[in-house]
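See structure below.
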Amino acid sequence: MEKTLIVLKPDAVSRGLCGEILARFEKRGFQIVEMKLLTVSRELAEEHYSEHKEKPFFAGLVEFITSSPSLAMVLEGQNAITLSRAMIGATNPLDANPATIRGTFTSDKQFNLVHGSDSPEAAEREIALWFSK
(Lines give C-alpha, C1' and ligand atoms only; values in the text may rest on other atoms or scores of the structure.)
Protein backbone atom coordinates (compact mmCIF):
# COMPACT_ATOMS: atom_id res chain seq x y z
CA MET A 1 0.00 0.00 0.00
CA GLU A 2 1.18 3.50 -0.84
CA LYS A 3 0.28 6.86 0.70
CA THR A 4 -0.05 10.23 -1.02
CA LEU A 5 -0.89 13.77 -0.04
CA ILE A 6 -3.91 15.29 -1.74
CA VAL A 7 -4.81 18.93 -1.13
CA LEU A 8 -8.11 20.33 -2.32
CA LYS A 9 -7.10 23.94 -2.83
CA PRO A 10 -9.08 27.09 -1.93
CA ASP A 11 -10.92 27.10 -5.26
CA ALA A 12 -12.22 23.55 -4.69
CA VAL A 13 -13.36 24.44 -1.16
CA SER A 14 -15.00 27.75 -2.12
CA ARG A 15 -16.81 26.17 -5.07
CA GLY A 16 -18.21 23.37 -2.89
CA LEU A 17 -16.47 20.61 -4.84
CA CYS A 18 -14.77 18.78 -1.95
CA GLY A 19 -17.47 16.15 -1.51
CA GLU A 20 -17.63 15.32 -5.20
CA ILE A 21 -13.84 15.18 -5.59
CA LEU A 22 -13.40 13.13 -2.42
CA ALA A 23 -16.12 10.73 -3.60
CA ARG A 24 -14.10 10.05 -6.76
CA PHE A 25 -11.11 8.97 -4.69
CA GLU A 26 -13.25 6.84 -2.38
CA LYS A 27 -15.04 5.17 -5.30
CA ARG A 28 -11.64 4.31 -6.74
CA GLY A 29 -10.83 2.43 -3.54
CA PHE A 30 -8.58 4.88 -1.70
CA GLN A 31 -8.77 4.95 2.09
CA ILE A 32 -8.64 8.24 3.97
CA VAL A 33 -5.84 7.96 6.53
CA GLU A 34 -5.90 11.59 7.75
CA MET A 35 -7.81 14.69 6.77
CA LYS A 36 -8.10 18.29 7.95
CA LEU A 37 -9.52 21.60 6.83
CA LEU A 38 -7.06 24.45 7.34
CA THR A 39 -6.05 27.87 6.20
CA VAL A 40 -2.48 27.29 5.07
CA SER A 41 0.15 29.44 6.76
CA ARG A 42 2.67 31.36 4.68
CA GLU A 43 5.44 29.23 6.24
CA LEU A 44 3.78 25.95 5.22
CA ALA A 45 3.06 27.27 1.73
CA GLU A 46 6.64 28.44 1.19
CA GLU A 47 8.04 25.13 2.42
CA HIS A 48 5.57 23.09 0.37
CA TYR A 49 6.41 24.99 -2.82
CA SER A 50 10.13 25.44 -1.99
CA GLU A 51 11.26 23.79 -5.24
CA HIS A 52 9.63 26.66 -7.12
CA LYS A 53 11.12 29.45 -4.96
CA GLU A 54 13.18 30.96 -7.79
CA LYS A 55 10.41 30.74 -10.40
CA PRO A 56 8.32 33.78 -11.34
CA PHE A 57 5.04 32.11 -10.32
CA PHE A 58 6.17 31.24 -6.75
CA ALA A 59 4.60 34.31 -5.10
CA GLY A 60 1.29 33.61 -6.83
CA LEU A 61 1.28 29.99 -5.65
CA VAL A 62 1.87 31.06 -2.06
CA GLU A 63 -0.72 33.85 -2.24
CA PHE A 64 -3.37 31.53 -3.66
CA ILE A 65 -2.92 28.57 -1.29
CA THR A 66 -2.97 30.89 1.75
CA SER A 67 -6.00 32.90 0.58
CA SER A 68 -8.72 30.74 2.17
CA PRO A 69 -9.20 27.19 3.54
CA SER A 70 -7.90 24.04 1.86
CA LEU A 71 -8.76 20.42 2.61
CA ALA A 72 -5.62 18.32 3.07
CA MET A 73 -5.70 14.54 3.23
CA VAL A 74 -3.51 11.49 3.20
CA LEU A 75 -4.93 8.78 0.99
CA GLU A 76 -3.75 5.19 0.91
CA GLY A 77 -4.14 2.55 -1.75
CA GLN A 78 -2.36 0.47 -4.34
CA ASN A 79 -0.36 2.72 -6.66
CA ALA A 80 -1.86 5.71 -4.84
CA ILE A 81 0.53 8.30 -6.29
CA THR A 82 0.32 7.33 -9.95
CA LEU A 83 -3.38 6.56 -9.87
CA SER A 84 -4.40 9.74 -8.00
CA ARG A 85 -2.36 11.91 -10.37
CA ALA A 86 -4.04 10.24 -13.34
CA MET A 87 -7.42 10.99 -11.74
CA ILE A 88 -6.43 14.63 -11.11
CA GLY A 89 -5.34 15.29 -14.70
CA ALA A 90 -2.91 17.69 -16.37
CA THR A 91 -2.17 21.03 -14.67
CA ASN A 92 -3.29 22.89 -17.77
CA PRO A 93 -7.00 22.12 -18.17
CA LEU A 94 -6.61 22.47 -21.94
CA ASP A 95 -4.43 19.35 -21.78
CA ALA A 96 -6.55 17.50 -19.19
CA ASN A 97 -8.71 14.57 -20.21
CA PRO A 98 -12.36 15.65 -19.74
CA ALA A 99 -12.93 12.66 -17.41
CA THR A 100 -10.28 13.85 -14.92
CA ILE A 101 -10.96 16.14 -11.97
CA ARG A 102 -9.31 19.12 -13.66
CA GLY A 103 -10.83 18.25 -17.02
CA THR A 104 -14.29 18.16 -15.49
CA PHE A 105 -14.21 21.06 -13.04
CA THR A 106 -11.74 23.77 -14.10
CA SER A 107 -10.78 25.93 -17.04
CA ASP A 108 -7.93 27.89 -15.44
CA LYS A 109 -4.32 26.71 -15.13
CA GLN A 110 -3.73 28.77 -11.98
CA PHE A 111 -6.93 27.72 -10.20
CA ASN A 112 -6.51 23.99 -10.75
CA LEU A 113 -8.35 22.66 -7.67
CA VAL A 114 -6.05 19.85 -6.50
CA HIS A 115 -2.48 19.07 -5.50
CA GLY A 116 -1.24 15.49 -5.50
CA SER A 117 2.24 14.23 -4.59
CA ASP A 118 4.25 13.36 -7.69
CA SER A 119 6.62 10.71 -6.29
CA PRO A 120 7.10 8.51 -3.23
CA GLU A 121 9.82 10.88 -1.99
CA ALA A 122 7.57 13.92 -2.42
CA ALA A 123 4.67 12.12 -0.71
CA GLU A 124 6.82 11.29 2.31
CA ARG A 125 8.12 14.87 2.58
CA GLU A 126 4.72 16.48 2.01
CA ILE A 127 2.80 14.21 4.41
CA ALA A 128 5.36 14.97 7.14
CA LEU A 129 5.03 18.69 6.39
CA TRP A 130 1.24 18.86 6.35
CA PHE A 131 0.57 16.27 9.06
CA SER A 132 3.42 16.67 11.52
CA LYS A 133 2.88 14.80 14.76
Task: Cation-pi check, Lys9 onto Phe64 ring (under 6.0 Å, within 45° of axis) - done: no
Open item on the list: Within the 4.5 Å heavy-atom criterion, are Leu75 and Gln31 side-chain neighbours or not?
Closed with: no
- [ ] Spell out, yes or no, whether Leu61 and Val114 are grouped together once hydrophobic residues are joined by side-chain heavy atoms under 4.5 Å, including indirect joins.
- [x] no
Task: Linked, directly or transitively: Val7 and Leu17 (ILVMFWY side chains, under 4.5 Å) - done: no
Task: Arg15/Glu20 ion pair, N-O < 4.0 Å - done: no
Task: Side-chain donor or acceptor of Thr66 paired with backbone N/O of Glu63 under 3.5 Å - done: yes
TODO: Show the numbers, then the answer: is there a side chain to side chain contact (heavy atoms under 4.5 Å, CB included) between Ile32 and Val74?
DONE: CA-CA 6 Å; Ile32 301 167; Val74 177; over 6 Å; no
TODO: Please determine if Arg125 and Glu51 form a salt bridge, counting it only when a charged side-chain N lies under 4.0 Å from a carboxylate O.
DONE: yes
- [ ] Give the minimum heavy-atom separation between Val62 and Ala45, together with the two atoms involved.
- [x] CG1-CB, 4.0 Å
Task: Pairwise distance CZ(Phe131) to CD(Glu34) - rounded to 0.5 angstrom - done: 5.5 Å
Can you give each donor-acceptor pair under 3.5 Å made by side-chain atoms of residues 78-94, sequence neighbours left out, with the distance rounded to 0.1 Å?
residue : atom : partner : partner atom : Å
Ser84   : OG   : Ala80   : O            : 2.7
Ser84   : OG   : Ile81   : O            : 3.2
Arg85   : NH1  : Gly116  : O            : 2.7
Asn92   : OD1  : Leu94   : N            : 2.9

TODO: Please test Phe58 against Glu46 for side chain to side chain contact (heavy atoms under 4.5 Å, CB included), starting from the C-alpha separation and ending with a verdict.
DONE: CA-CA 8 Å; Phe58 176 76; Glu46 288 176 353; 3.9 Å; yes
- [ ] Please round to the nearest 0.5 Å and tell me the distance separating atom CZ of Arg102 and atom CG of Asn112.
- [x] 4.0 Å
TODO: Taking the side chain as every heavy atom from C-beta outward, state whether Phe30 and Glu76 have any pair of such atoms under 4.5 Å apart.
DONE: no
Task: Nearest heavy atoms of Ile65 and Ser70, plus distance in Å - done: CD1-OG, 3.7 Å
TODO: Would you indicate whether the side-chain heavy atoms of Thr39 and Ser68 approach each other to under 4.5 Å?
DONE: no
Open item on the list: I want to check something: taking the side chain as every heavy atom from C-beta on, are Leu113 and Leu8 in contact at a cut-off of under 4.5 Å?
Closed with: no
Open item on the list: Are Val13 and Asp11 packed together at the side-chain level, in the sense that at least one heavy-atom pair is separated by less than 4.5 angstrom?
Closed with: no
Open item on the list: Please say yes or no: joined through hydrophobic side-chain contacts below 4.5 Å, possibly via intermediate residues, are Leu129 and Leu5 part of one cluster?
Closed with: yes
Task: Distance (rounded to the nearest 0.5 Å) between Phe25 CZ and Met73 CE - done: 7.0 Å
Open item on the list: Is there a side-chain contact between Lys36 and Leu71 in this structure, where contact means two heavy atoms from C-beta onward sitting under 4.5 Å apart?
Closed with: no
Task: Atom pair OG1 (Thr106) and CZ (Phe111), whose distance is rounded to the nearest 0.5 Å - done: 9.0 Å
Open item on the list: Is there a path of hydrophobic side-chain contacts, each under 4.5 Å between heavy atoms of I/L/V/M/F/W/Y residues, joining Val33 to Ile21?
Closed with: no
TODO: Indicate yes or no: at least one non-hydrogen side-chain atom of Arg24 is less than 4.5 angstrom from one of Thr100.
DONE: no
Task: Exceeds 12 heavy-atom contacts within 6.0 angstrom, atom CD of Glu124 - done: no
- [ ] Flag the pair Glu126 / Glu121 as yes when at least one side-chain heavy-atom distance between them is below 4.5 Å, and no otherwise.
- [x] no
- [ ] Kindly work out whether a path of hydrophobic side-chain contacts (I/L/V/M/F/W/Y, heavy atoms less than 4.5 Å apart) joins Leu22 to Leu37.
- [x] yes
Open item on the list: Once ring pair (Phe, Tyr, Trp, His ring centres under 6.0 Å) is applied, do any residues pair with His48, and if so which ones, sequence neighbours excluded?
Closed with: His115, Trp130
